[in-house]
Amino acid sequence: SRAPAISVSAESCIPAGLRLGPVPGTFKLGKYLSDRKEPGPKKKVFSYAVSPVFQVRMVRGELVDEAGSSALEWIGLIRAARNSQEQTLEAVADLPGGQIFYRALRDVQPGEELTVWYSNPLAQWFDIPVTATPTHDEKGEERYICWYCWRTFKYPNSLKAHVHFHCTLSHGRPFLHHDH
């Protein structure tokens with residue numbers, strides 16, 4: 001069983017390019033991703049402010065939480081991004097099969113949730129689909145369809161995670177794109 005989703009957000013600006021990590025344990029980013037944002041406890045990360053909620057601050061160039069714990073203690077709580085619009089971090093590795101880090105894609109503003117998805121090279125290494133082509137449903141809303149089992153998703157990364165972790169019909173086959 002999985003732990004409840006926790007929202008990790010910035011209390012103050014986190015600079016673009018800042019690397020967090022390495023990410024400990026078995027890396028299964030997106031395994032529990034769904035189209036819905038599940039409510040759960042919040043944890044804030046910060047540079048210099050203090051707040052009563054879980055926060056992280058910069059100390060000598062490293063993000064730590066309010067108890068002084070390093071990113072290794074809470075980095076696994078950061079949610080997978082459902083799409084590129086809500087993504088603030090990307091998962092990267094120095095070498096294929098090497099240690100995985102999270103890197104800020106841009107300056108993350110106070111109050112923004114930290115969300116992460118695979119960089120393209122890391123996605124390819126883990127055989128995670130890199131692209132997902134939307135279709136439109138009868139209401140004209142964008143949807144992403146699993147070309148193996150025909151399940152539909154509201155967000156592209158929900159589809160990618162489904163194909164990699166959950167779709168029993170795709171097991172062992174490369175991801176098919178809409179044009180194939």
Original post:
Do Leu105 and Val116 share a hydrophobic cluster (ILVMFWY, side-chain heavy atoms under 4.5 Å, transitive)?
Top reply: no
Original post:
In terms of hydrophobic clustering (I, L, V, M, F, W, Y; side-chain heavy atoms under 4.5 Å; direct or indirect links), are Val92 and Phe27 co-clustered?
Top reply: no
State whether the side chain of [X] and the backbone N or O of [Y] hold a donor-acceptor pair below 3.5 Å, judged by distance alone.
X: His164; Y: Asp127; answer: yes
X: His166; Y: Lys31; answer: yes
X: Ser119; Y: Ala91; answer: yes

Looking at [atom1] of [X] and [atom2] of [Y], how far apart are the two atoms once the value is rounded to the nearest 0.5 Å?
X: Lys154; Y: Ser34; atom1: NZ; atom2: OG; result: 11.0 Å
X: Trp150; Y: Leu169; atom1: CH2; atom2: CG; result: 11.5 Å
X: Ile78; Y: Thr115; atom1: CD1; atom2: OG1; result: 9.0 Å
X: Glu142; Y: Thr133; atom1: CD; atom2: OG1; result: 10.5 Å

Subject >> Sub-6.0 Å ring centroid separation between Phe153 and His162 >> reply: yes
Where do [X] and [Y] come nearest, in terms of heavy atoms and distance?
X: Pro156; Y: Ala132; answer: CB-CB, 3.9 Å
X: Ser170; Y: Tyr148; answer: CB-CD1, 3.1 Å
X: Asn157; Y: Asn83; answer: ND2-N, 3.8 Å
X: Leu33; Y: Ala80; answer: CD1-O, 3.6 Å
X: Ala161; Y: Gly30; answer: CB-O, 3.2 Å
X: Ser158; Y: Asp35; answer: OG-OD1, 2.8 Å

Original post:
Lys160 and Tyr118: side-chain contact (heavy atoms from CB on, under 4.5 Å), yes or no, with the steps?
Top reply: CA-CA 11 Å; Lys160 295 172 193 178; Tyr118 298 83; over 6 Å; no
Pair up each side-chain donor or acceptor in residues 96-103 with any protein partner under 3.5 Å, not counting sequence neighbours, and list the distances.
from: Arg103; atom 1: NE; to: Glu90; atom 2: OE2; distance (Å): 3.3
from: Arg103; atom 1: NH2; to: Glu90; atom 2: OE2; distance (Å): 2.2

Subject >> Results of side chain to side chain contact (heavy atoms under 4.5 Å, CB included) for Glu141 - residues two or more places apart only >> reply: Asp137, Lys139, Arg143
Subject >> Asn120: partners by side chain to side chain contact (heavy atoms under 4.5 Å, CB included), with sequence neighbours left out >> reply: Val130
Original post:
Would you say the side chain of Ile14 lies within less than 4.5 Å of the side chain of Leu114, judging by non-hydrogen atoms?
Top reply: yes
Original post:
Can you list the residues that meet the ring-ring contact (aromatic ring centres under 6.0 Å, His included) rule with Tyr155, with sequence neighbours excluded?
Top reply: none
Subject >> Shared-cluster residues of Leu95, by chain and number - hydrophobic side chains joined below 4.5 Å >> reply: none
**OP:** Considering only NZ, NE, NH1 and NH2 on the basic side and carboxylate oxygens on the acidic side, decide whether Glu112 and Arg106 come within less than 4.0 Å.
**Re:** yes
Original post:
For Glu138, which residues count as a salt bridge (charged side-chain N to carboxylate O under 4.0 Å, His left out) partner, sequence neighbours excluded?
Top reply: none
